[in-house]
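Each remark here refers to the structure printed beneath this line.
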Amino acid sequence: MIVRGLRVISDFELEFQMALTNKKLAPEMEFVCLMTSQEYAFISASNVKEIAMLGGCVADMVPPTSRRPWRPSLRKPATA
């Protein structure tokens with residue numbers, strides 16, 4: 001059995017291809033992929049900024065030292 005970890009969707013694409021190839025080479029092998037917990041997952045800064053601009057809580061998405069510098073600079077986008 002081979003156990004692999006997935007952090008982002010691009011990991012899935014690569015691991016899926018590898019699992020199919022390995023299964024062809026060794027049909028008796030089993031492959032298991034586990035998704036990471038949120039604390040180890042990647043979230044883009046643009047997603048965090050958008051959540052903050054819309055009034056959402058981002059406290060668990062950025063380290064404490066990163067929260068204060070950019071929070072006041074966020075502005076809601078102008079509406080047409």
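Since the model is a prediction, treat every value here as computed from it, not as a measurement.
Every residue two or more places apart in sequence or in another chain that forms a ring pair (Phe, Tyr, Trp, His ring centres under 6.0 Å) with Phe16 is listed here: Phe12. With sequence neighbours excluded, the residues forming a side-chain hydrogen bond (donor to acceptor under 3.5 Å, both in side chains) with Asn47 are Ser44, listed by chain and number. In this structure, the side chain to side chain contact (heavy atoms under 4.5 Å, CB included) partners of Ser37, at least two apart in sequence or on a different chain, are Glu39, Tyr40. When the salt bridge (charged side-chain N to carboxylate O under 4.0 Å, His left out) test is applied to Glu15, the partners found at least two apart in sequence or on another chain are Arg4.
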May I have the list of side-chain donor-acceptor pairs in residues 19-33 shorter than 3.5 Å, sequence neighbours left out?
{"unit_1": "Thr21", "atom_1": "OG1", "unit_2": "Gln17", "atom_2": "O", "d": "2.9"}
{"unit_1": "Asn22", "atom_1": "ND2", "unit_2": "Met18", "atom_2": "O", "d": "3.2"}
{"unit_1": "Lys23", "atom_1": "NZ", "unit_2": "Pro27", "atom_2": "O", "d": "3.2"}
{"unit_1": "Lys23", "atom_1": "NZ", "unit_2": "Met29", "atom_2": "O", "d": "2.6"}

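A pairwise comparison of heavy atoms in Ile51 and Val58 identifies CG2-CG1, 3.7 Å as the closest pair. A pairwise comparison of heavy atoms in Arg7 and Thr36 identifies CA-CG2, 3.7 Å as the closest pair.
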